[in-house]
> 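Before I ask anything, here is the structure I am working with.
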Amino acid sequence: MLTILGVLAGVLVEPKISPDFGSYPSEALRRRQSAAALVEFVVDPEGQLVSCDLLAQLGEESLSREVCKLQRQARFEPAKDEFGTPSYGIVRAFIKYVVVGSEEGQQIYATVMPGITHEVIGTVVQSGSRPPDFSKFREESGPPRFLAHPDIDLEVQALPETSDEPFQVQVTVAIGPEGGVTQCSESEVGELSRYGTAAYQQLLGVKVGDSLIVDGEAVPFIRPYVVQFVVTDV
């Protein structure tokens with residue numbers, strides 16, 4: 001059972017991504033294919049892309065599997081440690097390739113991951129016809145559907161606003177060469193900041209994944225970590 005106490009350590013900054021919004025494949029457009037992929041990019045201290053991994057996918061499988069390749073021209077800013085020094089880091093992004101006017105495109109468009117969703121919009125215009133109405137397409141796609149992808153579940157006795165529904169906070173963690181959490185920071189304020197603190201207390205010193213190996217050597221890095229809180233029955 002969690003006891004929510006303590007103070008978070010200094011500020012960490014995970015990498016930032018500026019996606020390549022002009023990368024919609026012409027063949028996928030011709031076939032009116034839409035897809036989305038949750039991906040993780042490894043970025044070096046100079047802001048250069050090291051690697052990209054596919055975590056989850058929606059829609060046209062062949063297109064979603066190409067997202068890492070399609071985003072090779074994306075631009076990145078490196079992670080920074082608590083001293084402001086550039087570091088290796090991982091940035092997570094949910095990237096959607098959506099054809100305006102298609103049914104599959106509407107389903108993909110309505111699916112989001114809060115804070116990390118980027119949209120590459122494509123249109124197909126038939127000869128002699130008018131371009132699709134994007135505002136109408138967006139309205140007809142309906143309310144957002146949230147895609148959950150927590151890294152870990154933690155149990156608590158109660159959640160904010162007396163809700164029994166699981167909810168998530170994202171913390172930014174520093175990972176040592178051995179794969180254990182050495183530091184953590186988060187952006188929530190007020191009532192929710194207590195849950196960020198609780199997440200850090202549970203993660204500190206815990207190995208949360210494999211070490212990051214660059215040129216045959218394990219290196220420290222900074223990454224986002226999504227913690228989902230659920231109410232325990234005890």
Side-chain angles (χ1 to χ4, degrees), residues 14-44 47-79 89-151 165-170 187 209 223-226 228:
E14 63 191 70
K16 294 181 175 61
I17 177 176
S18 297
D20 181 355
F21 292 110
S23 59
Y24 216 124
S26 57
E27 182 67 11
L29 275 176
R30 187 181 68 81
R31 295 183 177 183
R32 298 175 64 83
Q33 293 175 342
S34 296
L38 176 64
V39 293
E40 282 190 343
F41 300 95
V42 176
V43 182
D44 73 12
Q48 299 300 310
L49 179 62
V50 175
S51 63
C52 176
D53 290 320
L54 176 66
L55 301 183
Q57 58 192 91
L58 294 173
E60 177 59 40
E61 183 176 349
S62 61
L63 177 56
S64 63
R65 288 189 175 278
E66 291 293 308
V67 168
C68 281
K69 292 182 180 179
L70 295 172
Q71 289 298 321
R72 284 176 296 188
Q73 300 302 314
R75 299 189 304 277
F76 299 91
E77 295 180 23
I90 291 176
V91 59
R92 182 177 292 174
F94 184 57
I95 300 178
K96 303 185 292 186
Y97 284 78
V98 175
V99 175
V100 176
S102 67
E103 183 176 346
E104 184 176 49
Q106 285 182 326
Q107 296 174 354
I108 298 295
Y109 183 82
T111 306
V112 298
M113 294 196 71
I116 62 172
T117 299
H118 304 279
E119 299 161 357
V120 180
I121 303 299
T123 57
V124 180
V125 182
Q126 302 293 335
S127 178
S129 62
R130 306 176 78 177
D133 185 341
F134 178 69
S135 61
K136 180 180 179 182
F137 169 81
R138 179 171 53 190
E139 180 179 342
E140 291 178 348
S141 296
R145 293 187 292 271
F146 296 103
L147 179 66
H149 197 277
D151 294 297
E165 293 296 322
F167 89 105
Q168 299 176 6
V169 297
Q170 178 171 300
S187 60
R223 61 157 292 181
Y225 205 78
V226 179
Q228 178 167 265

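Residues: numbered from 1 along the sequence shown. Hydrogens, waters and symmetry mates are skipped; everything else that's a heavy atom, side chains included, is used.
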> Check salt bridge (charged side-chain N to carboxylate O under 4.0 Å, His left out) between Arg31 and all other residues, then give those that pass, not counting sequence neighbours.
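In terms of salt bridge (charged side-chain N to carboxylate O under 4.0 Å, His left out), with neighbours along the sequence ignored, Arg31 is linked to Glu27.
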> Go through the structure and list residues passing side chain to side chain donor-acceptor pair (under 3.5 Å) with Tyr109, not counting sequence neighbours.
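In terms of side chain to side chain donor-acceptor pair (under 3.5 Å), with neighbours along the sequence ignored, Tyr109 is linked to no residue.
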> With distance as the sole test, does Ser34 use its side chain to make a donor-acceptor pair with the main-chain N or O of Val99 at under 3.5 Å?
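Answer holds: yes.
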> With Arg145, which residues qualify under salt bridge (charged side-chain N to carboxylate O under 4.0 Å, His left out), at least two apart?
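Not a single residue meets the salt bridge (charged side-chain N to carboxylate O under 4.0 Å, His left out) criterion with Arg145.
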> Quick test of your reading: applying salt bridge (charged side-chain N to carboxylate O under 4.0 Å, His left out), list the pairs with at least one residue in residues 100-122, sequence neighbours left out, ordered by first then second residue.
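Applying salt bridge (charged side-chain N to carboxylate O under 4.0 Å, His left out) to every pair that reaches into residues 100-122, excluding sequence neighbours, yields Lys96-Glu119.
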> Does the side chain of Phe146 reach to within under 4.5 Å of the side chain of Pro114, using non-hydrogen atoms?
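Answer yes - side chains close enough.
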> Over all heavy atoms of both residues, which pair between Phe137 and Gly101 is shortest? Give the atoms and the distance, please.
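Here Phe137 and Gly101 meet closest at CD1-N, 3.2 Å.
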> Which residues satisfy the side chain to side chain donor-acceptor pair (under 3.5 Å) test with Ser23, sequence neighbours excluded?
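With neighbours one apart ignored, the set is Gln71, Tyr97.
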> Between Phe94 and Thr111, is there a side-chain heavy-atom distance shorter than 4.5 Å?
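In contact.
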> For residues 48-68, which residue pairs pass the salt bridge (charged side-chain N to carboxylate O under 4.0 Å, His left out) check, not counting sequence neighbours?
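Found Glu61-Arg65.
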> Please name all residues satisfying salt bridge (charged side-chain N to carboxylate O under 4.0 Å, His left out) with Asp151, sequence neighbours left out, ordered by chain then number.
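So Asp151 forms a salt bridge (charged side-chain N to carboxylate O under 4.0 Å, His left out) with Arg92, Arg223.
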> Who pairs with Glu139 by side chain to side chain donor-acceptor pair (under 3.5 Å), at least two apart in sequence or on another chain?
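Applying side chain to side chain donor-acceptor pair (under 3.5 Å) to Glu139 gives none.
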> Report the residues that fulfil side chain to side chain donor-acceptor pair (under 3.5 Å) with Glu77, sequence neighbours left out, ordered by chain and then residue number.
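Glu77 satisfies side chain to side chain donor-acceptor pair (under 3.5 Å) with no residue once adjacent residues are dropped.
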> Kindly write out the residues that satisfy salt bridge (charged side-chain N to carboxylate O under 4.0 Å, His left out) with Arg72, not counting sequence neighbours, or none if the list is empty.
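Checked Arg72 against salt bridge (charged side-chain N to carboxylate O under 4.0 Å, His left out); zero matches.
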> What is the distance from atom NE2 of His118 to atom CE of Met113, rounded to the nearest 0.5 Å?
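Rounded to the nearest 0.5 Å, the NE2-CE separation comes to 11.5 Å.
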> For Thr123, check side chain to side chain contact (heavy atoms under 4.5 Å, CB included) against everything at least two apart and list the hits.
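Val100, Pro132.
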> Can you check whether Asp44 reaches Pro78 side chain to side chain, under 4.5 Å on heavy atoms?
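They are not in contact (no side-chain heavy atoms under 4.5 Å apart), so the answer is no.
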> Could you work out, with side chain to side chain contact (heavy atoms under 4.5 Å, CB included) as the rule, every residue matching Ser26, not counting sequence neighbours?
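By the side chain to side chain contact (heavy atoms under 4.5 Å, CB included) rule, Ser26 matches no residue at all.
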